[in-house]
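The structure appears right after this line, and notes come after that.
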Amino acid sequence: MKLKRTNTCGELRGNDVGKQVVLNGWVDGWRDLGGVLFIDLRDRYGKTQIVFSPELPREVYETAKKLRSEFVVAVKGVVRPRPPEAKNPNLPTGEIEVAVEELEILNSSKTPPFELKEFVEASEELRLRYRYLDLRRPVMQRNLILRHQLAQITREFFTAEGFVEIETPFLTKSTPEGARDCLVPSRLHHGKFYALPQSPQTYKQILMVSGFDRYFQIVKCFRDEDLRRDRQPEFTQVDLEMSFVDEEDVMDTMERYMEVVFRKLLNRNITRPFPRLTYQEAMEKYGTDKPDLRYGLTITDVTEVFRESDFKIFRSVANEQGFIGALFVPEAAAYSRKQIDGLNQYVMELGGKGVAHLKKQGREFTTGISKFLSEREFARLRELGKDFDSALVLLLADAETEKAQTLLGYLRQKLAEDLGLIDPSQFILSWTVDFPLLEYSAEEQRYVARHHPFTSPKLEDIPLLDQHPERALARAYDLILNGNEIAGGSIRIHQRELQEKMFRVLQISPEDARQKFGFLLEAFEYGAPPHGGIAFGFDRLAMLLSGVESIRDVIAFPKTTSALALMENAPSEISEEQLKELGLELRKN
RNA sequence: GGGGUCGUAGUUCAGUUGGUCAGAACGCCGGCCUGUCACGCCGGAGGUCGCGAGUUCGAGUCUCGUCGGCCCCGCCA
């Protein structure tokens with residue numbers, strides 16, 4: 001190319017008038033007025049209007065007439081002010097334009113399959129197939145640049161805090177617990193497989209044994225599970241681990257990290273310390289372990305109201321140690337029968353048995369299940385709902401307490417969305433703590449780790465592991481932002497005896513434990529310091545900070561919800577030779 | 001694994017009970033236009049109605065299957 005840029009398409013202003021400049025960029029659009037020809041030239045820094053006059057040498061003018069969308073061009077010209085009535089206040093460069101003298105077409109372009117203008121939305125399928133075009137759109141460039149800045153702030157912050165960034169292997173060992181592994185067959189060892197890491201968990205713990213003290217990494221992790229708008233099989237974590245710390249040290253460091261992120265990225269101040277909810281409180285009040293605290297609408301426990309009720313379903317749930325919860329929704333006081341049916345439908349789709357309702361008007365409860373209730377029950381409900389003059393009261397019962405709470409949590413969230421109770425400009429961070437260490441898996445007929453098998457129980461709960469393991473709490477903490485889990489971590493077990501006890505509780509045999517985690521157990525015998533850490537969902541955090549709805553909008557080359565890559569067309573079949581080399585044979589079905 | 005929803009021109013969509021329903025806008029192509037910036041005006045081209053079966057005299061429309069996008073449940077230590 002002859003004409004190399006002197007300036008970007010986003011930087012020229014009124015005080016550049018008179019300068020001779022060269023711009024390089026893409027044709028964003030053109031307006032041919034018959035004589036004068038305007039072209040918007042775009043690069044990642046912005047757009048600048050360039051002007052071709054009919055008085056130009058014939059071949060320059062004729063070439064300019066041939067320019068079309070997404071042609072790549074270089075122009076040389078003079079910055080001049082626009083006539084006052086032709087200034088464009090919507091464009092940072094709108095004071096000026098470049099009067100072209102020379103034009104070089106660096107490349108032509110086929111007509112793009114969709115328009116790249118910001119206000120035109122192509123289907124996501126098309127955007128993913130032509131991702132290189134989609135990524136030319138300013139909004140996508142802003143998202144990826146914000147992601148970059150988040151990464152830089154992260155490196156700066158943790159480096160300043162004395163953390164060391166250390167890379168860990170991608171070709172590693174399959175582990176029995178947790179998500180399904182992404183597997184890589186070994187060519188040199190037929191019949192054996194590497195697994196891509198679900199997280200660098202064991203490596204970072206071993207780095208603590210090695211004395212690195214404070215480790216972090218911005219790292220890809222892999223989990224072969226089904227996708228969601230905030231989940232991909234490959235995703236990025238900010239992973240970190242600290243030695244000689246307890247929960248408070250980790251949480252305090254993370255709060256300061258978040259403070260810096262919000263200040264530098266969004267110019268917002270957040271207040272520390274973040275509120276903390278125990279798992280139990282979160283479930284009881286919000287029906288989830290990751291509550292969105294931007295709105296109230298908390299669950300009221302009404303189980304005891306119905307112990308003697310004539311409404312038999314509720315009475316039996318109340319007497320079977322189940323849970324009955326109520327949502328008092330003043331904003332929905334005028335809900336129609338149809339709208340309430342819709343909520344009932346929603347609950348049933350989620351696997352619930354349905355939702356009962358009442359309408360509170362002053363002291364009276366009407367409609368719904370009111371005819372089954374006694375004066376004593378009304379009196380108790382009046383007391384529990386005394387803060388609400390009029391409200392729709394939704395009641396949900398289930399013999400399984402957590403199921404009832406979870407369904408109420410979904411209902412709470414749906415109501416908040418439907419009723420517009422959520423302020424999208426707010427960011428509320430909170431911790432969820434005191435998680436149960438274990439949960440019983442009916443499928444596997446054993447206890448499984450709720451977090452992971454290296455999470456330390458609360459020290460005072462260690463004795464519970466023998467008789468009532470389900471009651472033991474974990475030294476774990478999740479960081480919640482607006483109803484999203486953005487980080488989760490724990491203080492780890494650092495003593496071999498306790499780790500072995502955990503494996504026993506999880507019914508992982510000593511042989512299995514040795515085979516799967518022997519290296520970690522062995523490392524723990526050589527002076528493992530007390531340690532703990534946390535990992536952030538980096539994509540999810542970038543998504544929330546960008547204000548976009550899907551993780552795909554902050555990942556350059558994401559997968560679809562069926563885990564396909566539409567641009568490069570992965571996954572794909574491999575050749576017979578490749579299979580043979582790996583010692584693999586495809587099963588025919 | 002399950003549920004919901006969508007698939008019609010290059011794109012975004014409309015298309016009624018199965019019967020001139022192959023349509024609009026944008027884009028594209030041609031022409032006109034010297035201050036536009038979502039330029040304007042005139043004209044034109046452009047369709048395997050995702051794919052495959054079936055029902056029917058007749059299917060974009062109904063049924064079944066299948067592929068794909070999105071959302072949700074399960075799953076995601």
Side-chain angles (χ1 to χ4, degrees), chain A residues 28-41 47-55 61 68-69 80 82-91 93-94 97 99 110-130 133 175-181 198-199 201-202 221-233 235 345-352 403 406-407 410 413-414 435 437-439 441 443-444 447-455 474 476 485 488-490 502 506 508 535 537 549-550 552 559-564 566 569:
Chain A
D28 194 62
W30 76 95
R31 294 170 294 282
D32 184 350
L33 272 59
V36 66
L37 168 61
F38 297 103
I39 282 178
D40 295 324
L41 202 61
K47 289 173 192 171
T48 299
Q49 175 166 281
I50 62 176
V51 190
F52 293 88
S53 151
E55 280 84 51
Y61 187 70
R68 290 296 178 266
S69 290
R80 71 182 184 201
R82 297 195 193 188
E85 70 281 6
K87 291 188 193 308
N88 186 345
N90 302 319
L91 215 56
T93 61
E97 63 195 7
K110 287 167 71 172
T111 301
F114 55 94
E115 295 175 71
L116 304 189
K117 303 188 173 174
E118 195 143 13
F119 50 87
V120 176
E121 270 304 323
S123 73
E124 192 157 2
E125 190 171 1
L126 203 67
R127 289 173 52 206
L128 290 173
R129 169 141 161 56
Y130 297 95
L133 296 179
T175 52
E177 301 282 297
R180 195 177 292 117
D181 282 320
Q198 295 177 25
S199 81
Q201 185 62 36
T202 47
C221 302
F222 305 86
R223 293 175 193 177
D224 190 5
E225 297 292 347
D226 289 351
L227 295 85
R228 286 285 190 284
R229 49 182 269 275
D230 62 350
R231 255 168 42 194
Q232 294 262 316
F235 61 101
Q345 183 68 32
Y346 178 68
V347 167
M348 303 227 279
E349 279 164 12
L350 291 172
K403 185 173 175 191
T406 301
L407 290 169
Y410 279 122
Q413 188 190 341
K414 179 173 173 54
F435 283 88
L437 181 69
L438 305 161
E439 66 190 328
S441 164
E443 194 186 332
E444 298 184 52
Y447 286 99
V448 295
R450 197 152 186 137
H451 191 53
H452 57 56
F454 315 111
T455 298
E485 180 195 330
S490 63
M502 262 302 272
L506 296 171
I508 299 173
E549 295 291 318
S550 164
R552 292 185 297 275
K559 303 285 187 281
T560 68
T561 48
S562 60
L564 298 177
L566 296 182
N569 194 23

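Only heavy atoms go into these numbers, but all of them, side chains included; no hydrogens, no water, no symmetry mates. Note on naming: letters A, B, ... go to the chains in the order of the sequence lines (proteins, then strands), and numbering restarts at 1 for each one.
With sequence neighbours excluded, no residue forms a salt bridge (charged side-chain N to carboxylate O under 4.0 Å, His left out) with A/Asp224. The side-chain hydrogen bond (donor to acceptor under 3.5 Å, both in side chains) check on A/Glu549 picks up nothing, with sequence neighbours excluded. Scored by the salt bridge (charged side-chain N to carboxylate O under 4.0 Å, His left out) test, A/Glu124 finds A/Arg552 as partners (sequence neighbours excluded). In this structure A/Lys87 satisfies the salt bridge (charged side-chain N to carboxylate O under 4.0 Å, His left out) test with no other residue, sequence neighbours excluded. Residues that satisfy the salt bridge (charged side-chain N to carboxylate O under 4.0 Å, His left out) test with A/Glu55, not counting sequence neighbours, are absent from this structure.
To the nearest 0.5 Å, the span separating CZ on A/Arg129 from CZ on A/Phe114 amounts to 11.0 Å. Taking CG of A/Leu566 as the reference point, atom CG of A/Leu126 lies at 10.0 Å (rounded to 0.5 Å).
Atom CG of A/Leu33 is separated from atom P of B/A38 by 13 Å (rounded to the nearest Å). Here the P atom of nucleotide B/A38 and the CG atom of A/Leu116 are 16 Å apart, to the nearest Å. Taking atom CG of A/Asn90 as the reference point, atom C1' of B/U36 lies 14 Å away to the nearest angstrom. Note: NZ (A/Lys403) to P (B/G74) measures 11 Å, nearest angstrom. For the pair A/Arg129 CZ and B/U11 C1', the computed distance is 14 Å after rounding to whole Å. One interatomic measurement links the two molecules: CD of A/Gln345 to P of B/C72, which rounds to 18 Å at whole-angstrom precision. Summarising the geometry, the separation between NZ on A/Lys87 and P on B/G35 is reported as 17 Å, rounded to the nearest angstrom. Rounded to whole Å, atom P of B/C75 lies 10 Å from atom CZ of A/Arg231.
Side-chain to base pairing of A/Arg31 with B/U34: no donor and acceptor N or O lie closer than 3.5 Å to each other. Residue-to-nucleotide contacts include no donor-acceptor pair under 3.5 Å from the side chain of A/Glu349 to the base of B/G4. The base of B/C37 is not paired with the side chain of A/Asp40 by any donor and acceptor separated by under 3.5 Å. You'll find a donor-acceptor pair under 3.5 Å spanning the side chain of A/Arg80 and the base of B/G35, going by distance alone. A donor-acceptor contact under 3.5 Å is not formed by the side chain of A/Arg223 with the base of B/C76.
Pair assignment for B/G68: B/C6, on the basis of Watson-Crick or G-U wobble contacts that are both within less than 3.5 Å. Taking a pair to require two hydrogen-bonding distances under 3.5 Å in either a Watson-Crick or a G-U wobble arrangement, B/U20 remains unpaired. B/C75 makes up no base pair with any nucleotide shown, lacking Watson-Crick or G-U wobble contacts both under 3.5 Å. Using the Watson-Crick or G-U wobble rule with both distances under 3.5 Å, B/A59 pairs with nothing in any strand shown. Across all strands shown, B/G40 is found opposite B/C32 as a Watson-Crick or G-U wobble partner, with both distances under 3.5 Å.
In the set B/G10, B/U36, B/G74, the nucleotide with an atom closest to the side chain of A/Arg82 is B/U36. The side chain of A/Leu564 approaches B/G69 more closely than any other nucleotide in the set B/G69, B/G35, B/U34. Checking B/U34, B/G35, B/C71 against every side-chain atom of A/Arg229, the shortest atom distance belongs to B/C71. Of the candidates B/C37, B/C76, B/C72, the closest approach to any side-chain atom of A/Arg228 belongs to B/C72. You'll find that the side chain of A/Asp226 is closest to B/C75, out of B/C75, B/G35, B/C70. The side chain of A/Leu128 sits closest to B/C70 out of B/U34, B/C70, B/C72.
Partner A/Phe52 forms a side chain to side chain contact (heavy atoms under 4.5 Å, CB included) with one of A/Asp32, A/Ile39, A/Val36 and no other, that one being A/Ile39.
Spacing between B/C49 and B/G60 at atom P, rounded to whole Å, works out to 7 Å. B/G18 and B/U61 have their C1' atoms separated by 6 Å, with the value rounded to a whole Å. B/A9 and B/A22 are spaced 16 Å apart, taking the P atom of each and rounding to whole Å. Between the P atoms of B/C70 and B/C13, the separation comes to 14 Å (whole Å). Between B/U11 and B/G46, the distance separating the two C1' atoms is 13 Å to the nearest Å. Nucleotides B/G74 and B/C57 place their C1' atoms 48 Å apart, quoted to the nearest Å. Using P as the reference atom, B/G40 and B/G27 are 8 Å apart when rounded to the nearest Å. Spacing between B/U20 and B/C26 at atom C1', rounded to whole Å, works out to 26 Å.
Proximity of A/Tyr410 to the phosphate of B/C73: a side-chain N or O atom is located under 4.0 Å from OP1 or OP2. Taking side-chain N and O atoms only, A/Ser123 has no distance below 4.0 Å to OP1 or OP2 of B/C70. For B/G1, neither phosphate oxygen OP1 nor OP2 lies less than 4.0 angstrom from any side-chain nitrogen or oxygen of A/Arg180.
Judged by distance alone, with hydrogens and angles left aside, the side-chain atoms of A/Arg450 form no donor-acceptor pair with the main-chain N or O of A/Glu439 at under 3.5 Å. Proximity of a side-chain donor or acceptor of A/Gln232 to a complementary backbone N or O of A/Leu227 within less than 3.5 Å is not detected.
Using a 4.0 Å heavy-atom criterion, one finds that A/Asp224 contacts no nucleic acid atom at all. Using a 4.0 Å heavy-atom distance criterion, A/Pro83 is classed as a base contact. Using a 4.0 Å heavy-atom criterion, one finds that A/Glu97 contacts the bases of the nucleic acid, with or without backbone contacts as well. A/Arg127 comes within 4.0 angstrom of nothing in the nucleic acid, heavy atoms only. Among the heavy atoms of the strands, none lies under 4.0 Å from A/Glu549. Using a 4.0 Å heavy-atom cutoff across all strands shown, A/Leu91 reaches no nucleic acid atom at all. A/Ser199 comes within contact range of at least one nucleobase, with a heavy-atom separation under 4.0 Å. Within the nucleic acid shown, A/Ala449 comes within 4.0 Å of sugar-phosphate atoms alone, with no base atom in reach, counting heavy atoms only.
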Residue pair A/Asn88, A/Gln49: steps toward the side chain to side chain contact (heavy atoms under 4.5 Å, CB included) verdict: CA-CA 10 Å; A/Asn88 186 345; A/Gln49 175 166 281; over 6 Å; no
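Remark: ring of A/Phe38 overlaps the six-membered base ring of B/U36 in a stacked fashion, centroids less than 5.5 Å apart, planes less than 30° apart.
Judged by closest nucleotide on RNA chain B, A/Ala563 is the one of A/Pro453 and A/Ala563 placed further toward the 5' end.
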Enumerate all atom pairs, one protein N or O and one N or O from nucleotides 27-30 of chain B, separated by less than 3.5 Å.
from	atom 1	to	atom 2	distance (Å)
B/C29	OP1	A/Arg68	NE	3.3

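Here A/Arg231 does not pair with A/Asp226 in a salt bridge; the nearest charged N to carboxylate O distance is not below 4.0 Å.
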